[in-house]
Structures are given as C-alpha cells and as structure tokens.
Amino acid sequence: MAMANPLLQVRNLVVEFPTRRGTLTAVDDISFDIAEGEVLGVVGESGAGKSMTGAAVIGLLEPPGRIASGEVLLEGRRIDNLPYEKMRRIRGKEIGAIFQDPLTSLNPLYSIGRQLTETIMTHTDMTPTQARARAVELLAEVGIPAPERRVDQYPHQFSGGMRQRVVIALALCVNPRLIIADEPTTALDVSIQAQIIALLKRLCREHGTAVMLVTHDMGVIAETADRVAVMYAGRIAEIGPVREVIKNAKHPYTHGLMGSIPAIGHDADRLEQIPGSMPRLTDIPPGCAFNPRCLHAFDRCRRDRPELIAVDDGQVSCWLYDTAAGRTTAEAKAIVASRSGTAMERADG
Amino acid sequence: MADAHTSAPGLLDPLRRFLDGDVWASFKRSPVTVGAAAVTLLYFLAAAFGPWVAPHDPFDLAKLDLLDSLIPPAWMADGDPRFLLGTDDQGRDMLSAIIYGSRVSLLIGFASVLLSMVLGIALGLLSGFVGGAVDAFIMRMAEIQLSFPAILVALLINGVVIGYFKTHPEWQVDQVTLAYVVLVLSIGLSNWVQYARTVRGSTLVERGKEYVQAAHVIGIHPAKIMLRHILPNVMGPVLVIATIQLALAVIAEATLSFLGVGVPPTEPSLGTLIRVGNDYLFSGEWWITIFPGAALAILVLAVNLLGDWLRDALNPKLR
Amino acid sequence: MAEAAKIHDPAASGTVLKVAGLKRYFDVSAPWLNRVLERQPRQILKAVDGIDLEIARGETFGLVGESGCGKSTVARLIVGLHGPTAGSIELEGRNIAGLSRKQMAPVRRRLQMIFQDPYASLNPRWRVRDIVAEPIRAFGLASDKAAVERRVGELLEQVRLNPRDGEKFPHEFSGGQRQRISIARALASNPEFLVCDEPTSALDVSVQAQILNLMRDLQRDLGLTYLFISHNLAVVYHISNRVGVMYLGKMVEQAPSRTLFTTPRHPYTRLLLDTIPDLDMTGRERTPVGGEVPNPINPPTGCSFHPRCPFANERCRVESPRALAMPGNATVACHGVEEGRVPEEPVLAAPAVPEGLGGSVHDG
C-alpha cells in the first residue's frame, strides 16, 4: 500500500530497552504511513508496543528506551535523528500530542490561558493580545462554555472531560500537521468519551490534521479511524481500512481479538477466547510471535517471522497468506474464520 | 493459623527477594556502596570480636603502665611500635580503646534504633490503621516531640531516667549498666517519631488497597490484618530509616557522652574518648581525640552512605 | 447469553439477596476548625441514596453507571466493608445490614467479593497458596495442613491455574492470572453469592474474555449468584440476566438485560447506550449528549439527571422521581416516562446483530 505523498513515514522502526537482563525489543521492525488528514488507529493490548511507537515518532521515548534502527520521516524529512532542540520545535509546531491523563499534560501552576498563549507565542509571532484572543477562540472551538471567563482558570478547576478539551486545544494551538493521541479517552467516563471522540474527529476534518490514535479500545478505533494497525508483541499483525480489519479480520490474532469483545445484541453463552496471553518481551517466540496461541500455526510459523503481505486493501503478517504456498487469499481467510474454539480452554500464560 | 507453614511469608521473603532482585544488582553496581558496606562490616567485626582483635585490653588496670602514657602514634619520632595510634594519659592503647569504644557505641546505637523502631512502627501502624482520635493523639504527641531538638529530648529523658533510678535503689543497677540503659532509653525514645510518621503514611496507603479489603471481607480480625497484611508491606522504608538512624544514634550517643551524661570514662565509648581527648588537644597530644573522632566520622559516613543507597535502591522511581 | 441461563425463574429458586432503601452518606466536611473559621456548612456526600434491588439464585445482576454514581459503594455495603446509613440488606432472608464483625461471621462464608485491580487485590508479600488458603483457615474449613493444601490445589485448578503456581508470588503472574487467583480466593469458602466489582475493567479484551468465560463456567458448575458491577455496557449485557442503571446514587432503571438494552426507558439509559462506540458509527457524525456528571456533593434538585435530560420539565426540577413499576418486570424512576413525555424508541432494531462493539473503557 504505497501512498503517493504520505505525511508521516515510519520505516523499519526498532525501539529497544537495555535492561540488566539484556536488551528488550519493545517495537520490532515496524513500518507504516499516515497520509495527510488521515486518522490511523494503532490498537493492541498492553505491552504490544503501541504507546512506545507513538513516543518514538514524537521523540519522547523515556530513557533508557531508544530507537535502535529505522527511520521516521515527516514530509520526507528524517526526524528521528534530530537534536533535542530541533525536535522540540517540531513537536510544538508540526506534531501535537494528547496523552491519557490530561492532568499531567497541563501545568497546575499556570492558568490555562497562560499555557495556551505561551505555546502560541513560542511558535508564531503573535502579540500577547492576539495570542490571548486566539486562546479564547481555541477554547470555544473545543467546546468549552464561557471561554472568556474560563481562560483565566487553573487546570484543577476543570473536570476531566474539560481538561482533555483543553489539552486538545493546546495540541491544536499552532495548527500541527499531525497529532499523536495516546489513549486520549481512556481516563474519561463513557458519556464524556463520546464527546471527546466526536470533537477530535470534527477538528481533524476541519483542520485537515492527521492523527495517530493509539488506544486499546476497539470501539474508539472503529468510530474514529480511517485505517487501523493492529499490534502484537512489538510487531504489526495487520494493517488496513478500519472496516476491513474489524469486520473481516485477516490475521488470526485480530480475528480472535474481535471475537473476544462482548457486543450488545450479540447473545452468546461464551465469548471467543484466544488461549494464553501475549508473551513478555523477554521471551518472544521465534518465527511468528503469535504462533504458540494460534489455532492455525504450522511449521513455518514457528521458524520464520512473517513480513507484511498485501491482501486486498491492507497488509497482514501471516504465513497463511503467503502466495508462494499456493493458497488463495479466499482460502486463507476461510481458514482463519474457521476457528473451532473447542479444546482451547487454557489459562492465560 | 499458627503453623510455621503460614508464618513464613513476610519474614524471610523480603530477604530472599532482596538478594534476588534489583536491589542487590544496584548494590553491586555502586563501588561507593560496596566500600561503605566493607567499612561498616569491618567496624561490626571489630566491635563483635573486640577482645580478640584489639592488641591490648585498655581497661585491665593491672596491665596499664603509666610509663606508657601519652605516647604519640607509632610512626612519629617518639612513637612506640606496640601502640600504633599512640596512648592516652593513662597509658591506654588508642587503637584498642577505639575498638572497645566502637563496641560500646554500636551496641548502644543498635539497641536504641531497635527501641525507637519497635515503638515507632507500633505507634505508626496503630495511628494509620485505627485513625480517628488515636491517630490524632499519637500524631500530636509526635509533633510536640518534633518541636524540640532530638538531643534536648534525649537530655530530658536522660535526666528523668537517672532521677528515677536514683530514687529507686531497689533496681540495684551498677553504674555502667545504668549508663547504657539510660542512653538507650533516651536516644530510643527521642527518635520514634520518624518511624511512626513513615509507617503511618504507608499504612494509610496500604489500608485502602484491595487486598486489605479482601481480608476484611473474609472477616479476619483487624489486629491480624494489621500485623500479617499491612506490617510486611510497610517495612521497606523503615529499613532505610533504621540505617540512617543508626548513624544518628551513634552520633547522639557520642554527643551525650561528650556532654558528660553518657558512658563513664572507665568504659569509654567513642564519644567519651573524644571528650576525654579534647582536654589534651591544646597541649599537643592531638591523637587522643583526633583518632576516635576520625573513627566516629568514618563509621557514620559509611553507614550513611549505605542508608542513602538503600533509600534510592528501594525507590522504584529512581531505579 | 445462554438462553438457559437467561430464562431463569426467580420464583422457583428464590431470592438470594434483597436490598431495600439502602443509603450510605459520607461526611466529607472540612475539619471542624476550618468549618468554624471559614463558616462552611457540613458537606454530606450521598454516595448511595435509596437503592432497591433483588437478586434471584443463580442469576447475575449487572449494575452499571459512570464513575461516582455509587455502584462500588453498593458493593462495599453489601459485603460489609461500609455500614449503611439506612436501609436493609437481606441475604437469604436475614438482614445483614450494619452487623458487627462477629455477627457477620457466619454470613461471610456465603458472601465473597472479587475486586477490580488485580495488582492491588493480592498481598504482594504472600505466596499464592497462602492467599488462597486464607479464607479456608479463617473459616476453619479444613482439618489439617494437608487438607488445606489439597483444597488450594483444587481451587487453583478450578480457575484453570496449575496447582504448582501456589508456590509463587503474585508479581510472577499476569493481570489475568492474578484475577484468577483473586477468584480462587473468593471461591475458597464455598460462597453462594459473589460481589464482583469491575472484575475485568483492568484487563485487556482478550484476557477479559477468558475471565468472563471462566465466571460463566463457575456460575454454572457451582450455582453461584453474581452482583456484577461495571461501567462497560457490553460486558454487562453479556454476563447479566438483569441490569440496574445507577446515576448519582440512585437507581434510575432496572430491567431484564435484554429489555433494558433493546427498549431503554430512562433518558439516562438511552444516553449511555448511545455512547457505546459501534462499527456502524464509522463516518457518521454523532451528536453526543452534552454535559457532565454533576458533583455528587451538590446534586441537582428534583431528578438529578434533569440538567442533561432533553425531556425535563418543571416537575423534574423540583420533585425527585420514584421507582415506577413497568411492564416486563422493570422499574424506572422518571417523571417523563410516567407522564408519557418520553417517547418510546427501541435503540437496537434487531437484537441479534453482532455489530455493537463494546467500549472497553475505563472510568475515572
């Protein structure tokens, strides 16, 4: 799936963590693109490396984590090897960030107006008066009632949902081309969550901002993303249009994951369950990382690591789809869909 | 639940996990800490085996010879190879006196740390777990005590305890034992606050955790929950404090002895040695006070370094 | 949902738990001195403000609501971690509200709890075998050491763990395995009734599926009754026979699971159902209901939902609605429904479409 002019290109990104017990590979050779104005969902369970990928793109990996190899390109320019100062400028101006806990993104000692104007003035040449007017405008845009009054209030005077709106305003301050949103709705109540998702979607459409939406919540992805990358044990299992991935999952892991989500209106005695649990980074099996839990694994899966294979509009890293094996895509899909689910009752781990 | 099988968790496991985990690794990584540990160990061994390792018995009056008095350290012109660090006015070997003195200092230090630890943990646990009026009372007491310098409190307790034993001759304690007991009580009782406050804080955190609630749901007696569930989980910071407090207790003992309310000169601690030697500082016999002073400083430094490292090693945020 | 489990005749098997007029107020006032100096009144948080519910044997009652609605307080009241301010809690016909620890002792064995956070619910310094054995020893359920050990092994197998895992410490397990240990401990005293407070909220979806399946199996094998508390509507739909929706300490609606999810009556229930992200929403602009959950210390007058309710009128602003019995074994506390102001509209057209993707969302 080569894009004509991708905004962000991630090429063979590897993120490592040196520890006392050896180097752990948290993100293991992943590649993806994000087009202008596109919302790419990155979904996975805890430890899949999704947040690490986001942090690597934006240059905010926490030491001792480091990009071991690979490239991150923003509009064709490499940004993974920039010095701190340059990267900081890009972070403010071209890439915005929204994190799970809005409280940690806001300085409790400054009024939100001051935080907004400061960011605006750092990256544009507006006067303080202009910047303040822009701050009020932004607050209104993210749906904060009475922005003229609230602009002078402090973060603790806002509720969780309102704080997240402020953080979104802060990320949008200077019209970035790309926003990295890491679990932006996870800390919020369900009814507030829906509001934030709707807001994010609307703003991105209006401003043409691309979003890399990192979350564990399939529901949020389904509703927000254009394309989705499913991560497993530091690798991309499957990437493709959101509807395709959710309704017509190709990778056995994605297929199992979808089946394990309870759904309203879907009456089943038992949920489909994937046996076992995601391997710890210290003992990722050889070959396909999913092979010990996979119902359809064969010899090759235990030996060789699958690369992303283009299937329909997306890509999937699964040997079932290897055309050299003489199997058609339809046959492979049928195999994945045919999970019996019997005799697989086992404890996770 | 009295069988040995069940009482094991909480007692041995911290040690096992200590050796197994990151703490031990961080110990091995830090040469300063290893050095400090070696020095501390040396002191402990010297203290424990004092009578066997010391070249002389400085308190055996029969063996003291006034002719040996005020000999400078061995490497100086008038030095005597028998007395490496010289002798004092009564002809006692300084090296031996320091070894015996460390013994006294460490003994009192350990005993008083143990006392303040037990007291502090008990009060802190009670305060945090029971809450309400009990908590308020204990914490106000702590604050009152904190508003005075610890050494002042120690002096006060010292006076009270000495007064008590003087008016109660039926206890029949000899001079030296009395001095020890008084020191341990005064240092121990003046240092419980820090333990209590730390333990109370951790207890408040642990008390709200779900494993404690689970024990309540099972119907475990609150006292048992306090001892078997909460206590093992609040001990980490206590160990750190205890290490640092050991250094402070040794200093407090030295201070009290220096002030003359501590150990009698017949069985001197490091502090007593420093005080006695102080009189000779200006007459040129510097070694009588400098060596015990250096010995004290090195001991305190080593223990403090250990304590600092332990604090950082047990702090998950710094790991 | 298993039809067999769904269609359960409560009359035949009897009521296990009956809660009536349950209230729990917390005094969250500033300290006395501050109150006097700053002339502040006492502040009372009505965490639970008059809840009625009834759970039949072998049934799962789901309790949903957003953070701060009081659902976890209900759980803690039932297991006796809090004493109620008012109201009764009857377990198998016996009122256990406000009993002392000693009086509660015979009841505790039949009533256990599973907690939300698998990392906080197990004492990190205890071996798994001691954690699971604690209730066995506390209730004197095994005669000697070997019997305790045997029972612990049995329990670990029951939750699909290896009996040898008993030797390990909690930190050696994943979140899902820890939750299994937590379940094993809850089962150790052979309880009949389990209060499950968000048991899967801290887990990944695939692990959540394993735990939900396990709970289903255990319910079937051991005849357990669950009170299942969650903010995740899809999970509640999956596991529950009957569902209650709470808002600011009050029960706004209660109905059999399918009824509640296909024909929600209370406007708040409708709002909640509308917020579940679902696949058909892709590309469609949704109009989320505005507003946020008000501060429970100063809840709105009348019906506490009225500031967010599109159907609210003057009566809603003054008068607090009472639970109204509705056809189909449901109750709803809404003036609008009573007066017919709230139009009836089924949310899901056909109940058997596997479309809705449950938001596996965490609240506050």
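Naming convention: chains lettered A, B, ... in sequence-line order (proteins, then strands); numbering from 1 in each chain. Bear in mind that the values here come from a model prediction, so they are computed numbers and not experimental data.
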>> Let me confirm one number: the CG-CG distance from Asp217(C) to Asp269(A), rounded to the nearest 0.5 Å.
In response: 8.0 Å
> Atom OG of Ser277(A) and atom CD of Gln210(C): how far apart are they, to the nearest 0.5 Å?
Replying inline: 7.0 Å
> What residues form a ring-ring contact (aromatic ring centres under 6.0 Å, His included) with Phe228(C), not counting sequence neighbours?
Replying inline: none
>> Which residues pass the ring-ring contact (aromatic ring centres under 6.0 Å, His included) test with Tyr226(C), not counting sequence neighbours?
In response: none
Tell me if a side-chain donor or acceptor on [X] pairs with a main-chain N or O of [Y] at a distance below 3.5 Å.
| X | Y | result |
| --- | --- | --- |
| Asn213(C) | Arg270(A) | no |
| Glu272(A) | Ala209(C) | no |
| Asp204(C) | Ser46(A) | yes |

> More than 12 foreign heavy atoms under 6.0 Å from CZ of Arg220(C): is that the case here?
Replying inline: yes
>> Does any backbone or side-chain atom of Met278(A) lie under 4.5 Å from a heavy atom of chain C? Answer side chain, backbone, both or neither.
In response: neither
>> For the residue pair Gln273(A) / Ser206(C), report whether a side-chain donor-acceptor contact shorter than 3.5 Å exists.
In response: no
>> For a side-chain contact (heavy atoms from CB on, under 4.5 Å) check, start with the C-alpha distance between Met218(A) and Val205(C), then their side-chain angles and the critical distance, and finish with the verdict.
In response: CA-CA 9 Å; Met218(A) 248 351 211; Val205(C) 277; over 6 Å; no
>> For Ala234(C) versus Pro262(A), what's the shortest heavy-atom pair and its separation?
In response: CB-O, 3.3 Å
> So, for Tyr237(C) and Ile264(A), which heavy atoms are closest and what is the spacing to 0.1 Å?
Replying inline: CD2-CA, 3.7 Å
